[in-house]
Each structure stands twice: as structure tokens, then as C-alpha cells.
Amino acid sequence: MSKILIRGARILGGEPQDVLIDGETVAEVGTGIKAPDGATVIEAAGQILLPGLVDLHTHLREPGREDSETVLTGTKAAAAGGFTAVHAMANTFPVADTAGVVEQVWRLGKESGYCDVQPVGAVTVGLEGKKLAELGAMHDSAAGVKVFSDDGKCVDDAVIMRRALEYVKAFDGVVAQHAQEPRLTEGAQMNEGIVSAELGLGGWPAVAEESIIARDVLLAAHVGSRVHICHLSTAGSVEIVRWAKSKGWNVTAEVTPHHLLLTDELVRTYNPVYKVNPPLRTEADVMALREALADGTIDCVATDHAPHPHEDKDCEWAAAAMGMVGLETALSVVQQTMVDTGLLDWAGVADRMSFRPAAIGRLEGHGRPVSAGEPANLTLVDPAYRGAVDPAGFASRSRNTPYEGRELPGRVTHTFLRGRATVVDGKLA
């Protein structure tokens, strides 16, 4: 079993300490630890050591859209971004709505070896919103599914949503809702507001998100079950979630890095790289989301990594696919918007990007403290680094990043999955 000594890293941003990894676990944490014979020594002065990041919302596209991404390329991108576990969304071809498909994705994750892949099961058959999928069978499968979502589509039928919440309650599962009232967003191309009016593009109003969230937190309270709000994007949504939590209801929510940084003003460029669902919102929304992530109203950051092939984005705005890649830039965007602004410290980043998402997904072995006896799922970050984003260097198969050429802070130098380095000196192992 290999031994690795990380010397002088600041665990969760604290004082410099040494961390000894022995095999798959953290063996010792302290100062002045002597390197065992044959151990690899990593000099990490000035770097931040975090528990391995966990993403609740990743699109790996396999099976069916391997031209966009595969489980292998997606998990390489995840490791490069500091993630040791991702939740793979169900909108594949075929849809992950049976035990067979989620087990296929789970096994592909095991074979890839770059991070753990936890499949998300569809709530309804074919994501069609009409009939519950095999929720129990997916949970009882080898994949052990705990999170269910029709992401990309909203479970807009209140009766279906109630039944799903009742069903998953039996095994402590959670329904993750893509909150979008479909009748209010027909033909929508961007956020409804001043910019959409000036550009003449169909608007996606904030109330289309907020009305579904309001309904679903009430349903979750009525049933006594868990609901998780995917990619929350408006100030009004924040207030509804804050109210629901004040009632003690079992409601959690995520925000994407791009909704913490980018606004609908970028749509004036007509560059389809900025086309995403939910759409980029206003500056006021962005600030509300940052404050809500800081005060814990929003539980975690999730990437909504949505890879698309070049031809699906290199076209006119109306024809372009919605979505952005995000695994490899997520931590840098969070550093810029939350750490460098003083809204979160590094312990807060560990909470929002590892501890809480792992807890929401009931993911064992991840989101654990950096201490002796714990699994060695770790991420080492150089916060002093500054560099322009170059998608040509991405591990992802797709390049649809909104940050191309933008200078972002921080760089993942090492990622460890159960003691095995998946990233070394900023490069895939």
C-alpha cells in the first residue's frame, strides 16, 4: 500500500499541518510528521487541503450521447476540478429510469476510476411526467440510488410529485426538482426582464421557478419527505426556501457556479455559450444567491455540468442547446465569488462543496473530515494561482464553457480518491 505525506498544507484554510496517507485512509494529521520509508512527499506550503468535492448535479451523457461526454471523460473532468464523487443525472438515452440503466452507469463509473459515480434515477418513466419510474427497484439495485430527478424537465404534475415524495420517504431518498412551470416558459430563450425586452427574445420569468418551488416545499412538508431544489436562480426562490427552512421543513437547495457570477447582460453578445436553463438572471439575483449561499439558505454548490458538442453551440442563439460545462472551473468560480469577496472562508467552501452535498445524497465515504481514520478523498488547491481559462486543456469531451479567456483564481494541484492520486501537479494521473 502506498504512503503519501502532504507537508505544510492548510487544512480547510487553517494553520499549516502535515497529512500522512497510508493506503486508502488518512493515517495521521499533525506537525513535523516524519516521512516513512518509500513515501511520496508533496510540499504543499501555501496550499489549501479540502475534503474531496462532491457534485450533486452532473450530466455525463452516457449512455446515448457519447459525442458530448462519456463517464470516463466526465470523471476525468471531475477529478481535474477536485471532485471525488459526482451524481450523474438521468436524462441519458435511454433514460436512467430502470435498475438496469442506473447499474450500467454505476459500473461505468467503477471502471473509470477517476471519481465515484452515483447515478440519479428518473422520477418518471422517460422523463415524461406521467408515470412514476421504478424508484424502489433503482434504490434496491447495485447502484443504491437515493436521489431522483427528471432534471431537464420539471415534474409539473402535483399528484405525481406528491407520490414521488411519498415513495422515496420509505428509504430516506430525495426528489431533486428542476423547478420550471412549463406553460410559463414556452418558447423561452433567456431571463424575462429588461434585456429580453430590448433583444426581443422570449422570456423565462422568475415566477416560473418560484411557483414550483413554493408548491413543492408545501408538498414536502405535507408528506414529511425530502425535497431538493436544483440550480436555484432567483432572489424570490431564495426567500421561499428561507421561509420553508424557518418552518423546519426538510428542504435543501443548490446553486451553480455560473449563477453566482454571470448575468443576463452577457446575452447581449448573442453568444450561445451563455444559453442555459435556468437562464442567467440579473445582478440583483446574483447578489441574493451569494448571500444565501453564505448564510446557509442555499445548502451547496452543484455544477450542472452540461456538455454539448461543438455543432450544438456554434449556431444561432435560438437553435442552440442549453447548458455549460462546469466541473473543471467550479472551485475557481466559488473562490472568486465567495472566498475572495469574504463571504465564505475555506471551511465554508468545504461545507458547501463536500460535506453538505454528500449528506444530501446520503453518500458514504465522502464529505468526511480531514482526520486520522477517514477515507483519503482529498483535494489540494493553490489559491494564489491566477490564469486564463483555456478549454483546449479540458479533460471534458466538450468545450462549451462561458469562461474562455477569463482569468479565474485558484488551481487544483492534486486530487486523491481513497489515497490514489487522480491529479498530480495539476495534471491527470
Side-chain angles (χ1 to χ4, degrees), residues 57 91 123 127 129 149-158 160-161 175-220 227-245 251-293 297-298 302 304 306 316-324 402:
H57 195 144
N91 56 346
V123 177
L127 308 179
S149 180
D150 275 3
D151 181 65
K153 294 184 178 179
C154 177
V155 182
D156 63 307
D157 185 312
I160 294 287
M161 186 64 179
V175 179
Q177 175 69 292
H178 173 113
Q180 178 183 359
E181 168 51 58
R183 292 297 303 279
L184 290 174
T185 54
E186 290 177 4
Q189 295 288 316
M190 65 170 296
N191 178 56
E192 181 178 291
I194 293 171
V195 181
S196 68
E198 291 180 359
L199 297 180
L201 291 173
W204 200 121
V207 70
E209 174 174 301
E210 295 156 7
S211 59
I212 294 292
I213 294 174
R215 183 202 72 180
D216 287 352
V217 299
L218 291 165
L219 283 173
V227 69
H228 177 74
I229 308 304
C230 294
H231 43 48
L232 183 150
S233 70
T234 78
S237 296
V238 165
E239 291 309 310
I240 295 165
V241 170
R242 186 173 281 133
W243 170 75
K245 288 191 169 193
V251 175
T252 54
E254 70 191 29
V255 65
T256 71
H258 49 270
H259 285 113
L260 291 172
L261 180 60
L262 309 177
T263 74
D264 60 354
E265 289 290 336
L266 290 164
V267 181
R268 294 186 187 277
T269 65
Y270 286 104
N271 186 340
V273 77
Y274 300 119
K275 188 177 181 182
V276 66
N277 185 358
L280 300 179
R281 304 289 190 180
T282 68
E283 183 73 15
D285 290 312
V286 167
M287 292 302 143
L289 295 172
R290 291 185 188 182
E291 292 290 344
L293 183 63
T297 300
I298 296 174
D304 193 10
E316 65 271 21
W317 178 275
M322 292 184 175
M324 305 168 169

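Of all heavy-atom pairs spanning Glu210 and Ser237, the tightest one is CG-OG, 3.4 Å. Minimum heavy-atom separation, Leu232 to Ala253: CD1-CB, 4.0 Å. Here the closest non-hydrogen pair linking Cys230 and Ser149 is SG-OG, 4.2 Å. Nearest heavy atoms, Asp304 versus His231: OD2-CD2, 3.4 Å. Residue Leu261 comes nearest to Val286 through the heavy atom pair N-CG1, 4.3 Å, listed as atom of the first residue, atom of the second, then distance. Scanning all heavy atoms of the two residues, the minimum distance from Leu219 to Ala158 falls at CD1-O, 3.9 Å.
Considering only residues two or more places apart in sequence or on other chains, Ser211 meets the side-chain hydrogen bond (donor to acceptor under 3.5 Å, both in side chains) condition with none of them. Legend: residues meeting side-chain hydrogen bond (donor to acceptor under 3.5 Å, both in side chains) with Asn91, ordered by chain and number and at least two apart, are His59. Applying the side-chain hydrogen bond (donor to acceptor under 3.5 Å, both in side chains) criterion to Ser196, with sequence neighbours excluded, gives no partner residue. Residues satisfying the side chain to side chain contact (heavy atoms under 4.5 Å, CB included) test with Glu239, not counting sequence neighbours, are Arg242. Residues that satisfy the side chain to side chain contact (heavy atoms under 4.5 Å, CB included) test with Val267, not counting sequence neighbours, are Met190, Leu199, Leu201, Trp317. Listed by chain and residue number, nothing satisfies the side chain to side chain contact (heavy atoms under 4.5 Å, CB included) test with Ala197 (two or more places apart in sequence, or in another chain). Applying the side-chain hydrogen bond (donor to acceptor under 3.5 Å, both in side chains) test to Glu316 and every residue at least two apart in sequence or in another chain returns nothing. Applying the side chain to side chain contact (heavy atoms under 4.5 Å, CB included) test to Val276 and every residue at least two apart in sequence or in another chain returns His258, Leu280, Met324. Looking at residues two or more places apart in sequence or on another chain, you find a salt bridge (charged side-chain N to carboxylate O under 4.0 Å, His left out) between Lys245 and Asp299.
With hydrogens and angles ignored, the 3.5 Å screen pairs a side-chain donor or acceptor of Gln177 with a backbone N or O of Val155. Judged purely by atom type and a 3.5 angstrom limit, His259 uses its side chain to pair as donor or acceptor with the backbone of Pro278. Without hydrogens or angle criteria, Asn191 side chain to Pro279 main chain gives no donor-acceptor distance under 3.5 Å.
Evaluation of the salt bridge (Lys or Arg N to Asp or Glu O under 4.0 Å) test over residues 180-201, restricted to residues two or more places apart or in two chains, returns Arg183-Glu186, Glu198-Arg268. Pairs passing the salt bridge (Lys or Arg N to Asp or Glu O under 4.0 Å) check and including a residue from residues 273-286, sequence neighbours excluded, read Glu209-Arg281. Applying the ring-ring contact (aromatic ring centres under 6.0 Å, His included) rule to pairs touching residues 271-293 yields nothing, sequence neighbours excluded.
Considering CG of Asp264 and CH2 of Trp204, their distance stands at 13.5 Å, rounded to 0.5 Å.
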*Could you walk me through whether Leu289 and Leu293 pass the side-chain contact (heavy atoms from CB on, under 4.5 Å) check?*
CA-CA 6 Å; Leu289 295 172; Leu293 183 63; over 6 Å; no

*Checking side-chain contact (heavy atoms from CB on, under 4.5 Å) for the pair Gln180/Ile212: CA distance, chi angles, key distance, verdict?*
CA-CA 7 Å; Gln180 178 183 359; Ile212 294 292; 6.0 Å; no

